[in-house]
Asker: 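My questions will all concern the structure given below.
In what follows, every chain begins at residue 1, and chains take the letters A, B, ... in the order their sequences are listed.
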Amino acid sequence: MYREVPPRIDDAAAMEEQIIAWWRDRDVFRRSLAQRADAPRWVFYEGPPTANGSPGTHHIEARVFKDVFPRHRTMKGHLVPRQAGWDCHGLPVELAVEKELGFTGKQDIEAFGVAEFNEKCRESVLRHVDQFAALTERMGYWVDMDSAYWTMDPRYVESVWWSLKQIFDKGLLAQDHRVSPYCPRCGTGLSDHEIAQGYEDVVDPSVYVRFPVAGGDLADRFPGLALLVWTTTPWTLVSNVAVAAQPAATYQVVRTGDETLLLAAERVADVLGDADWEVLAEVPGAELEYLPYQAPFDLVSVADAHFVIDGDYVTTDDGTGLVHIAPAFGADDLAAARGYGLPMVNPVGADGTFAADVPLVGGLFFKKADEPLIADLDLRGLLFRHEPYEHAYPHCWRCHTPLIYYAQPSWFIRTTARKDDLLAQNEDTHWFPPTTQWGRYGDWLRNNIDWALSRDRFWGTPLPIWRCPADHLTAVGSLAELSRAAGRDLSGLDPHRPFVDDVTIPCPDCGDTATRVPEVIDCWYDSGAMPFAQYGYPHTGEAEFTENYPADFICEAIDQTRGWFYTLMAVGTLVFDRSSYRNVLCLGHILDEEGRKMSKHLGNVLDPMQLMAEHGADSVRWFMLASGSPWQARRVGHQAIAEVWRKVLATYWSTVAFQVLYARAAQWEAGELTASDHVMDRWALSRAHHTVAAVDDLLERFDSQGAGRELASFIDDLSNWYVRRSRRRFWDGDPAALSTLHECLRLLTLAMAPVTPFITERVWQDLFAADGPESVHLADWPTVADSARDPGLEEQMALVRRLVDLGRTARGEAAIGTRQPLAEALVAAPGWSDLGPDLRALVAEELNCHRVESLAGSGDGLVEVSVKPNFRSLGRRYGNRTPEVARIIAETDPEDLVARLRSAAAEAELPGDVRIGPDDVIVTETPREGWAVASQDGATVALDLHLTPELLRLGTARQAIRVVQDARKSSGFDVSDRITLRWDAADPEVARAWEEHGGLIAAEVLATAVARGPGAGPGFTDKDDTFRVWVARA
RNA sequence: GGGCCUAUAGCUCAGCCUGGUUAGAGCGCUUCCCUGAUAAGGAAGAGGUCGAUGGUUCAAGUCCAUCUAGGCCCA
């Protein structure tokens, strides 16, 4: 027999905590893996969260999706290895520690000691990982945290080293220059994150400069022609090597005053303003390529330069559409200049001052050089215009020094050399949603630039390259290799700074002493290496890696397109010539109730642990999975989550509690499914199997929203139709009903287990564990029996429910409550004639009408027939004649038309050579008079409103039953308690109703005795006080 | 500036791929009904120029183009 269960779960969180403890005690997660040890694998990779702070609600989102699909696949018979991982390195961790220590820069860290600082970073990571672990367990995310990979583990670092050596050996890892914001005072580059904190409004000079054209066709045609170039950083003009033009834009040669200028057509009016000007010629931007010009300064020597190049990124929204290129001081500039083999000219030193030997500006701080340079341009007649320009410019957030975009040596992975391979790998990857593949992500790949790998920082995987004074480079792939190279045992070395920095090796090329280069690597490389590094491959874990590569499924939020989705694919392609994953689910972000991004700054952050404490993890999970589209940004709020419990999970539980209540009352024992011909049983089982099949299919396609819709709809059907309609059978302990609901709940519980693992576990324990696996999460996905499916019956039941709704509408309009029995209802609806007697009886009972008949059979003249064209079927056949055919149908006598369509021919020929069948029209039949009628979509229900005294007395009896039931409930009686019943009524008709139907009333309310006359106390009365009743336990 | 996503009821979201003539659900509001499991359920009402404009089509919330606004990512 079932265990007793409470009618309601008042504290979902407490229930879940018990389940968590139970899982832990029984080691259920590990066993769910163990029992699939030899099963085919469905590999999942956990993208490691950066443990630099407390987990937020967005972490739950991704982790719910990372959990539900592996659970589903596990039930389906796969082994789904799930190893947790923690991203330990990187600037975010360093910044968090710097903040804790009150540091303001690299100098502070160096003074503190790199070893000590890195130790603090390690501690910080450990601290935050604990919080993630707590969240993970609480939300029911099953992932193996005991064997979690940590990117700071020596074994992991060694594996990363090995892969970097592979890339180095392929010639794809090299040092080059990278333009990045740099603080000349602090002597360090700044990350994007830091720049964002330091924008300040400043006034810079905005100068328009003439670059005289130095040759070519245009120079011949327009002597004295000059390019007009706009810049807000005059100091970079010293390093000019080219001018970029937008190839797709149109440029004009314009005469103004006594000079001739070239600039973008769209800019002419803005730039020349009120001055008189005349367009002499138009030139497509693309034709300007290689047009030579005279450099604005000749202070440093630049060879093979100074011509116009194509610049796709050049805009004509401001400036002149001609952009001066100084590769040392702009990322776009550097990229564009590289394409033309142009040199990089950098006369500015690391301290931000011009080299001493540069004429005019030598020794000046870069910003201070603007003034003398502008004066010099003016003197030489090259300055066209000079005005102040106020704009936001990045400053160092620590010392407020203006940053300089500055080319610094940096290590790159030549991903551009493998771009075609990356695109090919992307071609073979399944993206959800599919648009990401060639949209956001594909676009990023097509515009791929080399991966700037190195960081001038402390807490990261050290770049394993040793360099000797002769610049010979040696890549090291493991501590063992390093030991061999160094000639001493370093197997126990912590492969972090500063310890690796102290290891020197003799250069294999020249024997001189090689020291490690100072950089650490981008922590995104660490996480991209997780498919092999989590096993320490190839130094250890060969078998695990081979079995688990590549992943079948990964899942993160959309911001990872340029993050983990990319690095995982890139590292896989670079090292193993294939991407590391096959299917990728890309989630939208979680927003607050106002649609804003959650941030500490706005104070709109929802603490995930608190959210689960309040609503339960199941409700939060359901919300994340099923409320809105996974790949769309969604708003999360308390109300929406509370609704999940109320509408879905509480209803599910309540159905379970109902089953338990009556099964226990009937001493019913679960066993084999009791075969039943009852139409409700057949329908419920069909719906259950339908739901299992649909949820299965939807989860296969990562459509958790669709799966939630199916589950919620079945829960509603079960609770508000099957149970409601079948109550009497449960009171009677009907084994077929109990067995059917048992089976429906079993199928539902299994299908819902991946989504809401807690409540389904609870239900499993209470109802099913005795006859099956100990845990629902050790159970197999249910097999769908085609024999149980009956789509025709499901359709017929849908019609029944539609007719019942129509009947209610009709009653509502006639203001006659459902409790009042009526003599007759007439129905007209497509499909009505196919309904069996049991389903018709169902309609009669729901409508509380003694008879339900077909409207068509009620005799001629009673019924009004109207016909509407069915455009969907007509349109298919008649195309542009459809409106005309619709008009012809409208002009046809509807009664005649319907008669013809219902004749044996089932077809009607209309004027204009129109031939229509029964599907081409929607027929609505309504009785003419004396009926309450409701119609919709060709279905009509008409209720006979004529109330006889007999019917009225029966209505009174129904009212009496209702009042007694209420009385029982408010007196706190148990549903099976027998009672004695007393009643009194002044109205003789009411009294007659009581006497006439006393037996019925007594049977319905479990009264052993019914007598007229007052009982003890005030008793209970109906709404209109037509009678009074007294109840007492028998 | 570029790319992508989104825009449907007061709010949260379906519907759009595959076009069909009173556009759906839930929450909230009003009225009523039903209730031996239910924090439930049902009916009706109020509440929609389906972001705008143009196009394709016999027919557009649905397909196409442009625009606007918001979001995300990147400059």
Side-chain angles (χ1 to χ4, degrees), chain A residues 7-10 192 312-318 331-332 433-436 438-444 446-447 557-563 588-589 591 593 595-597 627-629 631-637 639-640 642-643 645-647 649-662 665 705-706 709 712-713 716 719-721 723-724 727-728 730-731 801 804-813 815-819 846 848 868-876 878-886 934 936-937 962 965-966 968-969 973-977 1004-1006:
Chain A
R8 290 196 302 268
I9 294 177
D10 292 312
D192 294 350
D312 285 325
Y313 60 91
V314 173
T315 72
T316 51
D317 293 344
D318 53 17
D332 280 338
T435 50
T436 313
W438 296 116
R440 185 182 277 234
Y441 187 76
D443 187 59
W444 156 254
R446 280 190 295 273
N447 296 313
I558 183 99
D559 53 279
Q560 295 298 329
T561 42
R562 284 151 168 83
H589 278 125
L591 308 172
E593 285 183 292
R596 298 169 307 181
K597 201 174 172 176
S627 174
S629 170
W631 33 80
Q632 210 170 296
R634 286 176 297 153
R635 300 175 182 202
V636 60
Q639 219 190 334
E643 195 178 309
W645 179 261
R646 212 157 40 82
K647 301 287 296 182
L649 301 180
T651 307
Y652 165 64
W653 179 261
S654 155
T655 306
V656 167
F658 175 89
Q659 164 77 354
V660 170
L661 182 65
Y662 289 101
Q705 184 185 26
R709 200 162 39 220
S713 140
D716 186 64
S719 167
N720 291 316
W721 189 247
V723 168
R724 186 164 73 72
R727 271 191 293 231
R728 244 159 238 280
F730 284 88
W731 303 341
R801 297 184 71 175
V804 169
D805 286 349
L806 283 173
R808 293 215 182 98
T809 304
R811 272 192 186 264
E813 274 162 23
I816 294 182
T818 309
R819 217 177 288 133
E846 275 289 309
N848 198 14
K868 265 170 56 177
N870 181 359
F871 282 89
R872 192 190 282 267
S873 84
L874 289 175
R876 205 167 295 138
Y878 289 102
N880 60 6
R881 284 192 67 201
T882 306
E884 180 198 341
V885 173
Q936 198 190 17
D937 295 336
R962 169 82 206 115
Q965 299 292 23
D966 261 355
R968 287 183 58 115
K969 205 170 177 179
F973 296 173
D974 195 82
V975 292
S976 55
D977 285 342
E1004 287 292 312
V1005 303
L1006 302 182

Asker: By nearest nucleotide on RNA chain B, pick out whichever of A:T651 and A:P883 is the more 5' one.
Answerer: A:T651
Asker: With a 3.5 Å distance limit and no angle check, can you tell me whether A:R724 reaches the backbone of A:N720 through a side-chain donor-acceptor pair?
Answerer: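 Yes.
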Asker: Please report the distance, rounded to the nearest Å, between CZ in A:R872 and P in B:U57.
Answerer: 21 Å
Asker: What nucleotide among B:C34, B:U38, B:C13 has an atom nearest to a side-chain atom of A:R819?
Answerer: B:C34
Asker: Atom OH of A:Y878 and atom C1' of B:G20: how far apart are they, to the nearest Å?
Answerer: 16 Å
Asker: Grab the CZ-P distance between A:R709 and B:A14 for me, whole Å please.
Answerer: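 Rounded to whole Å, this separation is 9 Å.
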Asker: May I ask which nucleotide in the shown strands pairs with B:C72, Watson-Crick or G-U wobble, both distances under 3.5 Å?
Answerer: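 Because both required distances fall under 3.5 Å, B:C72 counts as paired with B:G3.
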Asker: Of the nucleotides B:G26, B:A37, B:U21, which has the atom closest to the A:Y662 side chain?
Answerer: B:A37
Asker: Using purine N1 to pyrimidine N3 plus N6-O4 or O6-N4 for Watson-Crick, or N1-O2 and O6-N3 for G-U wobble, each under 3.5 Å, what pairs with B:G41?
Answerer: B:C33
Asker: Under a 3.5 Å limit for both distances, which nucleotide forms a Watson-Crick or G-U wobble pair with B:G26, could you say?
Answerer: B:C11
Asker: Choosing from B:A39, B:A37, B:A43, which nucleotide comes nearest the side chain of A:D10?
Answerer: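 Nearest nucleotide to the side chain: B:A39.
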Asker: Applying the Watson-Crick and G-U wobble criteria at under 3.5 Å, what pairs with B:A59? Answer none if nothing qualifies.
Answerer: none
Asker: Checking all strands, does A:L1006 fall into the base, sugar-phosphate, or nothing category for heavy-atom contacts under 4.0 angstrom?
Answerer: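 Counting heavy atoms under 4.0 Å across all strands, the contact made by A:L1006 includes a base.
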Asker: Strictly below 4.0 Å: does A:K647 bring a side-chain N or O up to OP1 or OP2 of B:G41?
Answerer: yes
Asker: If I take atom CZ in residue A:R876 and atom C1' in nucleotide B:U21, what distance separates them, rounded to the nearest angstrom?
Answerer: 15 Å
Asker: When the P atoms of B:G61 and B:U56 are considered, how many whole Å apart are they?
Answerer: 16 Å
Asker: Please measure how far the P atom in B:A65 lies from the corresponding atom in B:C27, and state the result in whole Å.
Answerer: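 So the two P atoms sit 38 Å from each other.
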Asker: Is it the case that B:A40 (base atoms only) and A:S719 (side chain only) share a donor and an acceptor within less than 3.5 Å, ignoring hydrogens and angles?
Answerer: no
Asker: Report the nucleotide, chosen from B:G20, B:U38, B:A14, that has the shortest atom-to-atom distance to any side-chain atom of A:Q705.
Answerer: B:A14
Asker: Please report, rounded to the nearest Å, how far the C1' atom of B:C4 is from the CD atom of A:Q560.
Answerer: 16 Å
Asker: Counting only side-chain heavy atoms from C-beta out, which of B:A37, B:A40, B:G41 sits nearest to A:R646?
Answerer: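 Selected nucleotide (nearest to the side chain): B:A40.
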Asker: For the base of B:A59, is there a side-chain donor-acceptor partner from A:N880 under 3.5 Å away?
Answerer: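 Absent.
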Asker: Working to the nearest 0.5 angstrom, can you tell me the gap between A:L874 CG and A:R872 CZ?
Answerer: 12.0 Å
Asker: Please report the distance separating the C1' of B:C72 from the corresponding atom of B:U66, rounded so that it comes out in whole Å.
Answerer: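 One C1' to the other, the span is 23 Å.
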Asker: Pick the closest RNA chain B nucleotide for A:L661 and for A:N720 by heavy atoms, then say which residue is nearer the 5' end.
Answerer: A:L661
Asker: Rounding to the closest angstrom, what is the interatomic distance between B:G41 and B:C63 at atom P?
Answerer: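 Comparing P positions in B:G41 and B:C63 gives a spacing of 33 Å.
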Asker: Would you mind classifying the nucleic acid contact of A:R727 as base, sugar-phosphate or nothing, using non-hydrogen atoms under 4.0 angstrom?
Answerer: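 Base, at least one base heavy atom under 4.0 Å.
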Asker: Once rounded to the nearest 0.5 Å, what's the spacing between atom CH2 of A:W653 and atom CH2 of A:W645?
Answerer: 8.0 Å
Asker: B:A46 and B:A7: how far apart are their P atoms, nearest whole angstrom?
Answerer: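 Going atom to atom, P in each nucleotide, I get 27 Å.
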Asker: Counting the atoms with a prime plus P, OP1 and OP2 as sugar-phosphate, which does A:R8 contact under 4.0 Å by heavy atoms, base, sugar-phosphate, or nothing?
Answerer: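 Since a base atom lies under 4.0 Å of A:R8, the category is base.
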Asker: Hey, is the main chain of A:G879 close enough, under 3.5 Å, to the side chain of A:T882 for a donor-acceptor pair?
Answerer: yes
Asker: Taking the side chain of A:D805 as heavy atoms from C-beta outward, which of B:A43, B:G20, B:A37 is closest to it?
Answerer: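 So the side chain of A:D805 is nearest to B:A43.
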Asker: Rounded to whole Å, please give me the gap between CD in A:E643 and C1' in B:C27.
Answerer: 5 Å
Asker: To the nearest Å, give me how far apart CZ (A:R811) and C1' (B:C32) are.
Answerer: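 One finds 13 Å between C1' of B:C32 and CZ of A:R811, rounded.
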Asker: Across the strands shown, which category fits A:V723 at heavy-atom distances under 4.0 angstrom: base, sugar-phosphate, nothing?
Answerer: base
Asker: Using the P atom as the reference point in each nucleotide, state the distance between B:G15 and B:U8 in Å, no decimals.
Answerer: 14 Å
Asker: Both distances below 3.5 Å, Watson-Crick or wobble geometry, any strand: find the nucleotide opposite B:A46.
Answerer: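 Its partner: none found.
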Asker: Strictly by Watson-Crick or wobble contacts shorter than 3.5 Å, is anything paired with B:U66, and which nucleotide is it?
Answerer: B:A52
Asker: Which nucleotide sits closest to the side chain of A:T655: B:G20, B:A37, B:G41?
Answerer: B:A37
Asker: What contact category does A:L806 fall into here, base, sugar-phosphate, or nothing, at under 4.0 angstrom with non-hydrogen atoms?
Answerer: nothing
Asker: Supply the atom-to-atom distance A:L1006 CG to A:E1004 CD, rounded to the nearest 0.5 angstrom.
Answerer: 8.5 Å
Asker: Keeping A:R876 on the side-chain end and A:F871 on the backbone end, is there a donor-acceptor pair under 3.5 Å?
Answerer: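 No, the answer is negative, given that no donor and acceptor are paired below the 3.5 Å cut-off.
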Asker: For nucleotides B:C17 and B:U12, find the distance between their P atoms and express it as a whole number of Å.
Answerer: 25 Å
Asker: Quick check against the 3.5 Å criterion: does A:R8 have a side-chain atom that pairs as donor or acceptor with the backbone of A:S654?
Answerer: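 Here the side-chain-to-backbone pair does not exist.
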Asker: Classify A:E1004 by what it touches in the nucleic acid, base, sugar-phosphate, or nothing, heavy-atom distance under 4.0 Å.
Answerer: base
Asker: Working to the nearest 0.5 angstrom, can you tell me the gap between A:F658 CZ and A:S719 OG?
Answerer: 9.5 Å
Asker: Provide the distance between the two C1' atoms, one in B:U35 and one in B:G28, to the nearest whole Å.
Answerer: 23 Å
Asker: Please state how far atom CH2 in A:W731 lies from atom P in B:A37, giving the value in whole angstrom units.
Answerer: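 Going from CH2 in A:W731 over to P in B:A37 covers 6 Å.
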